[in-house]
Amino acid sequence: MSPRSERIEKLKQISRERVLILDGSWGVMFQKRRLDEADYRGERFQDHPGQLKGNNDILCLTRPDIVGDLHDEYYGAGADISETNTFSATTIAQADYELESAVRDINFEGARIARERADAWTAREPHKPRFVAGSVGPLNKMLSMSSDVNDPGARLVTFDEVYTAYREQMIALHDGGVDLFLIETITDTLNCKAAIKVILDMEDEGYEPLPIWISGTITDRSGRTLSGQTVEAFWNSVKHAKPFAIGLNCALGADLMRPHIAELSRVADTLVSAYPNAGLPNAFGEYDEEAHQTAHELHEWASRGLVNILGGCCGTTPDHIRHVAEAVKGVKPRQIPERPKAMRLAGLEPFELA
């Protein structure tokens with residue numbers, strides 16, 4: 001068994017014993033560093049056209065010290081799993097900065113930095129091993145929704161183009177040493193399906209199999225993803241991948257996300273994850289929910305047996321993660337339910353034929 005396979009088995013074992021902790025927001029932590037254009041450019045992109053400030057993924061190449069420090073902050077706060085700083089590291093997303101050629105390097109270095117820091121923490125605290133999730137974020141182009149209100153069939157991208165973009169990203173993440181893939185902040189289920197196909201194809205081609213973690217986004221009080229699916233329909237659409245975990249993140253604070261997590265907990269026969277925002281943003285786009293408030297909400301979820309993995313999204317800091325980790329310490333993880341066999345399909349709504 002390879003070292004990575006051993007880590008994966010250990011991760012699965014721990015998930016049966018306690019609630020796992022994911023890290024928090026990366027964007028808010030970069031903002032706190034008050035980085036300037038020079039930080040984003042480094043030496044490699046000194047003469048690159050256009051502004052690069054705000055392209056946080058490129059910091060894997062230009063300020064790897066800061067990326068490593070943030071992994072350390074979250075691992076130190078109690079996170080079992082930290083994500084790579086690769087949320088938008090695809091050719092489609094990086095085209096906004098004309099940095100398509102840097103995509104492999106961003107992902108490989110993002111994975112390498114995270115792996116290095118995770119291994120250092122595991123060596124320091126062998127009783128609490130740390131793991132790395134390869135962050136695969138949403139695209140700025142969608143397969144399920146028209147780009148033109150006057151043409152329902154209009155699309156800015158094809159399935160093959162989305163597949164190719166995700167494939168380059170995930171091969172680099174795999175080569176860099178991640179323990180699992182986290183397809184997150186999913187607004188379009190068809191984009192997610194392209195990412196899932198990449199992973200399954202990689203396994204068929206001989207790449208070492210890695211667990212798949214899928215995290216969707218309910219965009220408002222309607223209880224639907226941006227592409228229109230309910231929580232149960234979303235689960236029915238992706239359950240064929242037999243994911244290690246399924247969950248929700250972003251868009252909502254814990255109070256508004258709770259009913260949707262409860263529904264996912266009811267229908268999913270795998271681990272359930274949740275990493276909500278620190279409440280909703282204020283008029284200045286900032287998040288006011290304090291660490292103890294987030295922890296109080298998530299403790300209730302854990303104590304009710306709704307979740308297996310908890311973390312934070314927009315606005316959450318290492319302090320939020322520290323409070324969450326303390327709040328759920330000793331709380332038993334959700335027990336995976338056994339559902340009767342049935343044919344379960346989905347469009348925007350779920351369909352079940354027993």
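As a basis for the values below, the full set of heavy atoms in this structure was taken, side chains included, without hydrogen atoms, waters or symmetry mates.
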Engineer: Between Glu297 and Arg258, is there a salt bridge with N-O shorter than 4.0 Å?
Structural biologist: no
Engineer: Give a yes or no on whether a salt bridge exists between Glu349 and Arg224, defined as a side-chain N under 4.0 angstrom from a carboxylate O.
Structural biologist: yes
Engineer: Rounded to the nearest 0.5 Å, how far does CZ of Phe234 lie from OG1 of Thr217?
Structural biologist: 8.0 Å
Engineer: Around Glu43, counting heavy atoms of other residues, nucleotides and ligands shown, do more than 12 lie under 6.0 Å from its CD?
Structural biologist: no
Engineer: Give me the ring orientation class for Tyr163 and Phe159: parallel if the planes are under 30° apart, tilted from 30 to 60°, perpendicular past 60°.
Structural biologist: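 Plane angle under 30°, so parallel.
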Engineer: What do the steps show when you test Asp47 against Arg41 for salt bridge (charged side-chain N to carboxylate O under 4.0 Å, His left out), and what is the final call?
Structural biologist: CA-CA 8 Å; Asp47 300 321; Arg41 287 185 174 276; over 6 Å; no
Engineer: In plain terms, say whether Asp105 and Arg44 are close enough for a salt bridge, that is, a side-chain N and a carboxylate O under 4.0 Å apart.
Structural biologist: yes
Engineer: Check each of Leu173, Val178, Leu182 against Thr86 using the side chain to side chain contact (heavy atoms under 4.5 Å, CB included) test, and report the only one that passes.
Structural biologist: Leu173
Engineer: If you group Ile, Leu, Val, Met, Phe, Trp and Tyr by side-chain heavy-atom gaps below 4.5 Å, do Met170 and Ile214 land in one group?
Structural biologist: yes
Engineer: Angle class for the Trp26/Tyr74 ring planes (parallel below 30°, perpendicular above 60°, tilted otherwise)?
Structural biologist: tilted
Engineer: Once you measure the plane-to-plane angle for His174 and Tyr207, does it fall in the parallel (<30°), tilted (30-60°) or perpendicular (>60°) bin?
Structural biologist: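 Judged by the thresholds at 30° and 60°, the geometry between His174 and Tyr207 is perpendicular.
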Engineer: Trp121 vs Tyr75 aromatic rings, parallel, tilted or perpendicular, using cut-offs 30° and 60°?
Structural biologist: tilted
Engineer: Give a yes or no on whether a salt bridge exists between Glu161 and Arg155, defined as a side-chain N under 4.0 angstrom from a carboxylate O.
Structural biologist: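 So Glu161 does not pair with Arg155 through a salt bridge.
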Engineer: Using a strict threshold of under 4.0 Å (side-chain N to carboxylate O), is an ion pair present between Glu9 and Arg4?
Structural biologist: no
Engineer: Given the side-chain rings of Trp301 and His296, with only the six-membered ring counted for Trp, is the space between their centroids under 6.0 Å?
Structural biologist: no
Engineer: Salt bridge between Glu109 and Arg112, side-chain N to carboxylate O under 4.0 Å?
Structural biologist: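 Judged by the 4.0 Å cut-off on N to carboxylate O distance, Glu109 and Arg112 do form a salt bridge.
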Engineer: Salt bridge between Glu326 and Arg322, side-chain N to carboxylate O under 4.0 Å?
Structural biologist: no
Engineer: Passes salt bridge (charged side-chain N to carboxylate O under 4.0 Å, His left out), Arg130 versus Asp80? Steps please.
Structural biologist: CA-CA 5 Å; Arg130 304 311 206 275; Asp80 300 290; 5.8 Å; no
Engineer: Would you kindly confirm whether Ile309 and Ile21 end up in one hydrophobic cluster when ILVMFWY residues are joined by side chain heavy atoms under 4.5 Å apart?
Structural biologist: no
Engineer: Mind checking the CG-CZ spacing from Asp39 to Arg34? Nearest 0.5 Å is all I need.
Structural biologist: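 Asp39 CG to Arg34 CZ: 13.0 Å, rounded to 0.5 Å.
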Engineer: Any carboxylate oxygen within less than 4.0 angstrom of a Lys/Arg side-chain nitrogen, looking at Arg344 and Glu232?
Structural biologist: no
Engineer: Should Glu73 and Arg33 count as an ion pair when the cut-off is N to O under 4.0 Å?
Structural biologist: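 Salt bridge present between Glu73 and Arg33.
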Engineer: Around Arg304, counting heavy atoms of other residues, nucleotides and ligands shown, do more than 12 lie under 6.0 Å from its CZ?
Structural biologist: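 No, because the 6.0 Å sphere around CZ of Arg304 holds 12 heavy atoms or fewer from other groups.
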Engineer: With a cut-off of 6.0 Å (strictly less than), are more than 12 heavy atoms of other residues, nucleotides or ligands near CD of Glu338?
Structural biologist: no
Engineer: Grab the two heavy atoms, one from Pro211 and one from Asp179, that are nearest each other, plus how far apart they are.
Structural biologist: CD-O, 3.2 Å
Engineer: I'd like to know if Asp175 and Arg104 make a salt bridge, using a cut-off of under 4.0 Å between side-chain N and carboxylate O.
Structural biologist: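 Salt bridge: yes.
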Engineer: Going by an N to O cut-off under 4.0 Å, is there a salt bridge joining Glu17 and Lys332?
Structural biologist: no
Engineer: Determine whether Phe108 and Val103 fall in the same hydrophobic cluster, where Ile, Leu, Val, Met, Phe, Trp and Tyr are linked whenever their side-chain heavy atoms lie under 4.5 Å apart.
Structural biologist: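 In one cluster: no.
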Engineer: State plainly whether one hydrophobic cluster holds both Leu271 and Ile261, where clusters connect Ile, Leu, Val, Met, Phe, Trp and Tyr through side-chain heavy atoms under 4.5 angstrom apart.
Structural biologist: no
Engineer: Are a donor atom and an acceptor atom from the side chains of Gln51 and Tyr97 found within less than 3.5 Å of each other?
Structural biologist: no
Engineer: Got a sec: does the NZ of Lys242 have more than 12 other heavy atoms crowding it under 6.0 Å?
Structural biologist: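 For Lys242, atom NZ is not crowded (no more than 12 foreign heavy atoms under 6.0 Å).
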